[in-house]
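Scroll down for the structure; my scribbles are underneath it.
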Protein chains: 2
Amino acid sequence: MKSRKISVHIADDHKIIIDGIIAVLEDEDDIQVVGYSCNGNELINWFKEDNKCDVLILDINMPEISGMEVLKFLKQKNIFQPTVVLSSYDDIKLIKEVIKLGAKGFIAKKCAGKHILNAIRSVIHDEEYFGPSIQELIVKNFATKTVLNGNNTNQDGILTSSLTEREIQVLKLIAKQKSTKEIAEELFISSNTVETHRKNLIKKINVKNVVGLALYAAKNNLV
Amino acid sequence: MKSRKISVHIADDHKIIIDGIIAVLEDEDDIQVVGYSCNGNELINWFKEDNKCDVLILDINMPEISGMEVLKFLKQKNIFQPTVVLSSYDDIKLIKEVIKLGAKGFIAKKCAGKHILNAIRSVIHDEEYFGPSIQELIVKNFATKTVLNGNNTNQDGILTSSLTEREIQVLKLIAKQKSTKEIAEELFISSNTVETHRKNLIKKINVKNVVGLALYAAKNNLV
DNA sequence: TTTTAGTTAACGGAAAACCGTTATATAACA
DNA sequence: TGTTATATAACGGTTTTCCGTTAACTAAAA
């Protein structure tokens with residue numbers, strides 16, 4: 001007896017990537033693409049119309065409603081949705097966030113198509129799957145974080161840190177080229193507090209100065 | 001009489017995008033994909049082995065050897081190569097650079113696949129082709145640049161400015177989170193000179209501070 | 001209920017960035 | 001042969017960032 005095909009929905013703001021994934025998946029006879037979305041809005045509406053799929057392939061870097069926010073939406077609505085997250089960058093913090101939000105698969109876009117197949121077949125069984133470059137990153141991160149000051153890591157060892165709401169808010173304003181004073185005025189807090197946030201951001205993100213913060217912000221679509 | 005197919009080579013560090021483009025092109029019976037490269041090195045070697053194609057589809061954002069550098073290589077070797085440049089970002093400065101280096105087609109990755117077909121069929125006849133979002137950008141840029149201070153624009157009106165070699169060098173080091181002093185030591189020049197360069201960069205790029213420079217550097221793959 | 005995470009705030013001193021402006025030398029260009 | 005672009009350098013003053021450290025209050029979690 002042959003079981004039903006795995007239904008897949010793809011969400012990515014780059015149509016060409018959707019085409020690419022479809023091209024990879026259509027050769028497999030246990031997988032079926034049942035739809036795609038070109039932005040977070042479309043995807044959320046698709047869910048709201050009570051559509052379903054076995055596996056969601058989700059780009060994290062989408063304008064307006066990001067993949068992250070889609071995951072938040074799903075979590076909030078208590079929708080259990082096996083998901084493979086696609087990302088342009090290898091970023092350990094991003095991976096942590098994504099795991100926190102319940103996604104089990106994570107692949108860097110630069111990785112070839114066949115890994116998506118493995119990822120789909122893993123997450124459908126609620127198993128984790130990390131693409132090759134991600135695995136490397138996790139191992140590297142684990143090593144350094146364990147040896148170095150465990151400033152961010154808590155008891156779990158790996159599932160940690162990330163920025164607070166306020167810190168993200170401050171970071172965004174820094175990335176808008178605003179000075180401490182301007183940020184303080186905008187957020188109705190003391191300049192000293194903003195400085196503290198800036199300091200904590202530099203430590204948490206492990207960069208040298210505001211330039212590092214700006215690059216981090218750019219990388220994580222906070223700009 | 002039916003003419004020979006248009007041979008196309010694709011270069012992009014994201015395999016999935018190559019797959020996507022192949023998927024789009026393989027439905028066309030006047031176009032034939034004759035090869036692909038996953039980075040700038042591979043592509044340059046491909047050319048060095050005296051391979052040829054009618055149209056090159058070139059991603060600008062590749063690690064190590066970028067698309068820009070590939071264009072420089074082709075120009076330097078006097079290889080006339082009709083090229084469609086792919087970019088993740090809509091950036092007017094980038095477009096200008098690319099035009100300077102001889103590419104005639106320019107498409108943002110977010111644009112759907114069919115535009116690539118138009119682009120290929122344009123550049124093969126040495127005609128320019130700009131994707132929809134790029135056209136918008138050019139129009140917008142033209143309007144503001146004309147109205148506002150023409151600080152960067154020279155006689156040509158559109159094909160202008162850009163940073164000097166030295167400025168780019170300094171900018172890259174700033175984006176590496178180095179201080180003025182460190183940069184000065186690395187380049188064997190005075191701190192004062194580095195400050196002058198930083199100042200000029202801020203003015204030229206029209207940003208407020210090093211954060212703006214960092215973001216510009218990130219956007220233009222100088223990081 | 002203690003513990004932890006987050007937000008707020010302060011302070012003093014060092015370092016770096018920012019600003020305007022001027023100036024010299026060189027190489028390329030018209 | 002001027003003109004222009006580029007790279008170099010200096011200077012004084014202002015503003016901002018950076019660093020370490022401490023601490024109080026709150027809300028949520030263990």
Side-chain angles (χ1 to χ4, degrees), chain A residues 93 96-97 100 149-157 159-217, chain B residues 96 100 150-156 159-217:
Chain A
K93 291 220 167 57
K96 287 178 187 173
E97 288 287 341
K100 270 189 195 168
N149 57 339
N151 57 349
N152 277 350
T153 38
N154 65 8
Q155 69 281 10
D156 303 284
L159 218 313
T160 54
S161 80
S162 84
L163 309 178
T164 68
E165 282 301 307
R166 199 54 151 179
E167 283 167 345
I168 291 173
Q169 221 171 358
V170 171
L171 178 56
K172 277 184 178 172
L173 292 171
I174 289 175
K176 273 190 183 168
Q177 304 178 51
K178 309 223 172 181
S179 71
T180 296
K181 207 173 147 195
E182 289 170 329
I183 296 171
E185 278 162 10
E186 195 158 334
L187 300 180
F188 302 105
I189 55 178
S190 149
S191 287
N192 293 314
T193 306
V194 177
E195 291 216 352
T196 302
H197 284 311
R198 175 161 33 73
K199 221 178 318 182
N200 291 336
L201 281 164
I202 289 176
K203 225 179 228 161
K204 271 196 183 178
I205 299 176
N206 193 28
V207 290
K208 203 184 150 196
N209 51 32
V210 280
V211 168
L213 292 184
L215 296 177
Y216 178 88
Chain B
K96 285 178 187 174
K100 271 188 194 168
N151 57 348
N152 276 351
T153 38
N154 67 5
Q155 70 279 11
D156 304 281
L159 219 311
T160 54
S161 78
S162 83
L163 310 177
T164 68
E165 280 303 308
R166 201 51 155 178
E167 283 167 344
I168 289 173
Q169 222 171 357
V170 172
L171 178 55
K172 275 184 178 173
L173 292 171
I174 289 174
K176 273 191 181 168
Q177 305 179 51
K178 308 223 173 183
S179 70
T180 297
K181 207 173 145 194
E182 289 170 329
I183 296 171
E185 278 162 10
E186 195 159 333
L187 299 181
F188 303 104
I189 54 178
S190 150
S191 288
N192 293 315
T193 307
V194 177
E195 291 217 351
T196 302
H197 284 311
R198 175 160 36 73
K199 221 177 318 184
N200 290 337
L201 281 165
I202 289 176
K203 225 179 229 162
K204 268 197 186 179
I205 299 176
N206 194 28
V207 290
K208 202 185 150 194
N209 51 32
V210 278
V211 168
L213 293 183
L215 296 177
Y216 178 87

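All of these numbers come straight from a predicted model, not from anything done at the bench. Below, all heavy atoms of this structure are taken into account, side chains as well, without hydrogens, waters or symmetry copies.
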Taking the side chain as C-beta and beyond, is there a heavy-atom pair between [X] and [Y] under 4.5 Å?
| X | Y | result |
| --- | --- | --- |
| B:Gln169 | B:Glu165 | no |
| B:Thr164 | B:Lys204 | yes |
| B:Arg198 | B:Ile183 | no |

- Overall bend of the helix from C:dT1-D:dA30 to C:dA30-D:dT1 (five pairs an end, 10° steps) is 50°

Whole angstroms only, please: what is the [atom1]-[atom2] distance between [X] and [N]?
| X | N | atom1 | atom2 | answer |
| --- | --- | --- | --- | --- |
| A:Gln169 | C:dT7 | CD | C1' | 11 Å |
| A:Leu163 | C:dT7 | CG | P | 10 Å |
| A:Glu165 | D:dT26 | CD | C1' | 17 Å |
| B:Lys208 | C:dC19 | NZ | P | 9 Å |
| B:Gln177 | D:dT17 | CD | C1' | 14 Å |
| B:Leu201 | C:dA17 | CG | P | 13 Å |
| A:Ile174 | D:dT17 | CD1 | C1' | 10 Å |
| A:Lys178 | D:dT15 | NZ | C1' | 18 Å |

- A:Lys172 atom NZ, over 12 foreign heavy atoms within 6.0 Å: no

- Residue A:Lys208 excluded, over 12 heavy atoms near NZ under 6.0 Å: yes

- Choose from D:dC18, D:dG20, D:dT17 the nucleotide whose nearest atom is closest to any side-chain atom of A:Ile202. D:dC18

- Message: Side chain of A:Arg166, heavy atoms from C-beta onward: which of C:dT8, D:dC18, C:dA10 has the nearest atom to it?
- Response: C:dT8

- Task: Please check the phosphate of D:dT16 (OP1 and OP2 only) for any side-chain N or O of A:Thr180 closer than 4.0 Å.
- Result: no

State, to 0.1 Å, how close [X] and [Y] come at their nearest heavy-atom pair, and which atoms those are.
| X | Y | result |
| --- | --- | --- |
| B:Ala214 | A:Ala214 | CB-CB, 3.9 Å |
| A:Asn209 | B:Gln177 | ND2-O, 3.4 Å |
| A:Ala175 | A:Ala217 | CB-CB, 3.8 Å |

- Presence of donor-acceptor pair under 3.5 Å, side chain of A:Lys199 and base of D:dT21: yes

- Task: Return the residues of residues 181-198 of chain A meeting this criterion: a heavy atom under 4.0 Å from some atom of DNA chain D. Order them by number, or give none.
- Result: A:Glu195, A:Arg198

- Item | Pairwise 5' ranking along DNA chain D for B:Asn209 and B:Asn200, keeping only the more 5' one | B:Asn200

- Task: Only counting residues at least two apart or in another chain, list the ones meeting salt bridge (Lys or Arg N to Asp or Glu O under 4.0 Å) with A:Lys176.
- Result: none

